[in-house]
Number of protein chains: 2
Amino acid sequence: METEISTEQKILDAAEEVFIEEGFSGARMQQIADKAGINKAMLHYYFRSKDKLFELVFAYKMKQFMPRVESVLQNPALSLLDKLDAFVEAYLDMLRHNPRLPMFILSTMNRNPELMKSANIQFGKWIIQLIEEEIEKGTIKRVNPHQFMLTLIGMCIFPFVGRPVFSAVFELKKEAYELILTERKEHVQAYIRFILEP
Amino acid sequence: METEISTEQKILDAAEEVFIEEGFSGARMQQIADKAGINKAMLHYYFRSKDKLFELVFAYKMKQFMPRVESVLQNPALSLLDKLDAFVEAYLDMLRHNPRLPMFILSTMNRNPELMKSANIQFGKWIIQLIEEEIEKGTIKRVNPHQFMLTLIGMCIFPFVGRPVFSAVFELKKEAYELILTERKEHVQAYIRFILEP
DNA sequence: AAGTGATTTAACCAGTTGGTTAACGCAAAG
DNA sequence: CTTTGCGTTAACCAACTGGTTAAATCACTT
């Protein structure tokens, strides 16, 4: 049985694909219409303009990109190490299912930094505070929280945004790079423990 | 005294700025002409087409982006740790002078992976081989060379491509982020020693 | 001064782009 | 059966885009 997909949703799906592949200025309304299997005028009927359509797609993708970790972070039964482990686990899984997401968000934000409004931002402060508390308590080694988080997030994201360059420089074929991505989770988690465990 | 700048060079400089700011599809030939202070027809007189002009700019920027480390890597007077230290030192300095370079290269390569031809690629193999040799000799700890290099390069590049997102999430103002970039070098070098020193 | 080749300009052009419009189809409501 | 309002379409449009052209200007040689 076929699930009915509304025209609106077909447009959003197509727009997502095209914007991620081509970026805002590279994307063409006609291309989105074709991919959605509809008339170009429908795009403007449902979403007034290219800008509006892009805003919606971007906000949706941004939500996906920002880790939803409030519940994990606030779970008192978990140590900081366990929390970070869970974060890396979930985040790397999500990225493997959306490998082009990071480049889409990062490159869009680079040309349009004010777009950040559409995102939930709170968890940054929480993590920093959490790290500082644990350092005070002496349960983890003393590190610079921002430098540490920059490295940690970079370790998750860079394999995806840097893939073409990295696999060219180190002459890694598709399968070899896939293997690296598979093993990345353990590697990052080992890094966390190695850096933080007293 | 004023140094004469050829029209050709003025165009290249302007094209570089515009392509880096806007990307290929976002860049406009008229904008490049305006920035170079010349007529649009001159662009086509000196460089046949937008594609040709972009290719030149990209190849030039790619050369800048790829670290030139042959001499350092092959200097037998330096230990691997010293070589990596020197690499990080030089590379982070270069990036601080060209903060938008990484995003330009990475996003272009993501949409156009075959452009890699224009780059010198050899140093990847050398570094991997070097790391494996040192592991054999027991002078550094046993690590997965590719995972290690992915982390190391990511540590250098991510602060630049991820800046807008990161500074928003952690609510870092310009000065705070600049400080982090300043301290990044030491942080990366400390990481290298911490991971590799037996 | 006239010729010559490279450089520069304004005007132009055809194709593309985001966006609009007016008519049409069609199901539900009256 | 007619009306009403949403969904859909083809045709259209003005602005913009990369690219061209023919004439003008400049620097230099003869």
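- Looking at heavy-atom distances under 4.0 Å, B/Phe47 makes no contact with the nucleic acid at all.
- Note on A/Ala27: only backbone sugar-phosphate atoms sit closer than 4.0 angstrom, heavy atoms only; bases stay farther off.
- At whole-Å resolution of the value, CE in B/Met42 and C1' in C/dT7 are 6 Å apart.
- When rounded to the nearest whole Å, the span between CZ of B/Arg28 and C1' of D/dC16 equals 8 Å.
- Counting only heavy atoms from C-beta on, A/Ala41 has its side chain closest to D/dT9 among D/dG19, D/dC6, D/dT9.
- Between A/His44 and C/dG19, a side-chain N or O to OP1/OP2 separation shorter than 4.0 Å is present.
- B/Met29 comes within 4.0 angstrom of sugar-phosphate atoms only, judged by non-hydrogen atoms across all strands, and of no base.
- The interatomic distance linking A/Ile32 (CD1) with C/dT17 (C1') rounds to 12 Å, in whole Å.
- Taking a cutoff of 4.0 Å between a charged side-chain nitrogen and a carboxylate oxygen, B/Arg163 and B/Glu178 qualify as a salt bridge.
- Contact check, A/Tyr46 against D/dT8: a side-chain N or O comes under 4.0 Å of OP1 or OP2.
- Picking from D/dT9, C/dG18, C/dA10 the nucleotide with the shortest atom distance to the side chain of A/Asn39 gives D/dT9.
- The residues B/Lys137 and B/Glu134 are annotated as salt-bridged, a charged nitrogen and a carboxylate oxygen being separated by less than 4.0 angstrom.
- For the side chain to side chain contact (heavy atoms under 4.5 Å, CB included) test with A/Lys35, the passing option among A/Glu21, A/Gln30, A/Lys10, A/Glu16 is A/Glu21; the others fail.
- Here D/dT9 presents its P atom at 12 Å from CD of A/Gln30, a figure rounded to the nearest Å.
- Electrostatic pairing of A/Glu89 and A/Lys185 counts as a salt bridge here, judged by a charged N lying under 4.0 Å from a carboxylate O.
- The base of C/dG19 sits within donor-acceptor range of the side chain of A/Lys40, with an N or O pair under 3.5 Å.
- Contact between the side-chain N/O atoms of A/Thr7 and the OP1/OP2 oxygens of D/dG7 is not found at any separation under 4.0 Å.
- Counting only N and O atoms by type, the side chains of B/Asp82 and B/Ser79 include a donor and acceptor under 3.5 Å apart.
- Rounded to an integer number of Å, the gap from CG of A/Asp34 to P of D/dT8 is 16 Å.
- Rounded to an integer number of Å, the gap from A/Leu53 CG to C/dG18 C1' is 12 Å.
- When rounded to the nearest whole Å, the span between NZ of B/Lys50 and P of D/dC16 equals 16 Å.
- Rounded to whole Å, the distance from CG on B/Leu43 to P on C/dT8 is 12 Å.
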